Amino acid sequence: MNTLSKKVVATTFDVSRVRQDFPALDQDVNGYSLVYFDNGATSQKPLSVIQAISAFYTGYNANIHRGVHHLSQLATNAYEEARQAVADWINAPKATEVIFTSGTTAGINLVAQSWGRHYLKPGDEIVLSAMEHHGNIVPWQMVCQEKGAKLRIIPMNDQGELILEEAEKIIGSRTRMLALSHVSNALGTINPVAEIIAMARKQGALVLLDGAQAVPHFRIDVQQLDCDFYAFSAHKMLGSTGTGVLWAKEQLLNELPPWQGGGDMIESVSFEKTTYNVAPFRFEAGTPHIAGALALHAAINYYRALNQHELEAHEASLLQYASQCLLSIPGLRIIGNARHKVPVISFVLEGLHPYDVGFILDKYGIAVRTGHHCAQPVMDFFKIPGTIRASLAFYNTTAEIERLKEVLLIAKRMLS
Ligand code: PMP
């Protein structure tokens, strides 16, 4: 054990046992054991999730809601049970407040198009933060352009933390919506959402949280958060791609007009007039990703079987270990040093382009992401073209972090 690992608090999380549940982790890439540090982009999937998808397609594949036949009823029941499981997982008061979407992006677009187009007026303001993912910038920009509303941005400091005194000044009587990332994908910062939501509430503004990077790491309680909308993607929390959730308060859902029209979202249709189904169905036009919802249910069950307290302690120790390990590399600078972070480490190496470093890491079987991480304003703020991002999950290990350090030193020698 080296000196670094001595300082890290030992945790009881049984990572080697957990890794056995993830078949994709057990493979060689370019002749080396895979080190998967691209969890911020998408997580790997446990066998139980893969089996849930397979069980649907091999056993009871059918379209939902409209069929009287046996398979359709099984599929409908499983889909609605998944909705209930999501509601329980995020402590939503009712399952009917859970809308299945194709991901965080779709959830935010739904709110921007349904609520924004209906309610925004010229001069109204939408408040975002300086560390938003493009998925929580562009949908608002589009609706603001159409409605003559304005974006206001809460700035951050050099540590990658939002400046609360500035937030207080920016959130005002014109603010209609605060749309904020719960956790930054580019920096790993856990934002102080309670404080900022309280500011929005004082002004009577609605609140949407982008939970894409929060749900893989800690438990969400939408009632305790006191937000109005919470959007996340299943694929970042062990589920499949193409599935996400938008949770919204019941009263809002009942008031909001539908966004997309089509099958399943209607009550009756004639060429003269269409009346709409109740929420959440009127926000789920067309055939949804049924297998994706079932996979999310399995992912939730997988998380439930883990000890959340131990998981969080393990992730915290990984973050601490990785930060110490990487900072011992000369010329390495971590971008984003917030006091509260998930195990995401964005960094640059002096004189080297992130892409070149990522390319060499891949040659040694290490998967990281390089570039702007769909957060170009963050890169502009730090005056860098991009970062190398190692985003860790609970199934990662300190040995993998040591491997990253070793290969970064090789990359430095090769590229310098
Ligand atoms: N917001 C954040 C903070 C994200 O990290 C991501 C995914 N990188 C998104 C939104 C968009 O998620 P998706 O592509 O799954 O819709």
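Order of appearance sets the numbers: ligands from 1, and atoms from 1 within every ligand. Model, not experiment: these values are computed from the prediction.
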Which option wins on minimum heavy-atom distance to [atom]: [options]?
atom                    : options          : result
atom 4 (C) of ligand 1  : H373, H235, H133 : H133
atom 5 (O) of ligand 1  : M131, E132, Q213 : Q213
atom 13 (P) of ligand 1 : T105, T101, V183 : T105

For the pair [X] and [Y], name the ring-plane relationship: parallel under 30°, tilted 30 to 60°, perpendicular over 60°.
X    : Y    : answer
F394 : F13  : perpendicular
W115 : Y119 : tilted
F281 : H65  : perpendicular
H182 : F218 : perpendicular

Exercise for the section: Answer yes or no for G135: is there a heavy-atom contact with ligand 1 below 4.0 Å? Expected result: no
Practice task
Would you check whether D210 reaches within less than 4.0 Å of ligand 1, judged by its heavy atoms?
Solution key: yes
Handout entry: Enumerated ligand 1 atoms positioned under 4.0 Å from heavy atoms of S233
Key = 12 (O), 13 (P), 15 (O), 16 (O)
Practice task
List every atom of ligand 1 that sits less than 4.0 Å from any heavy atom of N185, numbering the atoms from 1 in the order shown and giving each element.
Solution key: 5 (O)
Practice task
May I ask you to decide whether E97 forms a salt bridge with K94, counting only side-chain N to carboxylate O separations under 4.0 Å?
Solution key: no
Practice task
Could you see which bit of S181 sits under 4.0 Å from ligand 1, with heavy atoms only: side chain, backbone, both or neither?
Solution key: neither
Problem - N/O donor-acceptor pair under 3.5 Å between K341 side chain and V344 backbone - result: yes
Problem - Donor-acceptor pair, side chain of S184 and main chain of T189, under 3.5 angstrom - result: no
Handout entry: Nearest-neighbour protein heavy atom for atom 7 (C) of ligand 1, which is reported as residue plus atom name and distance
Key = K236 NZ, 2.7 Å
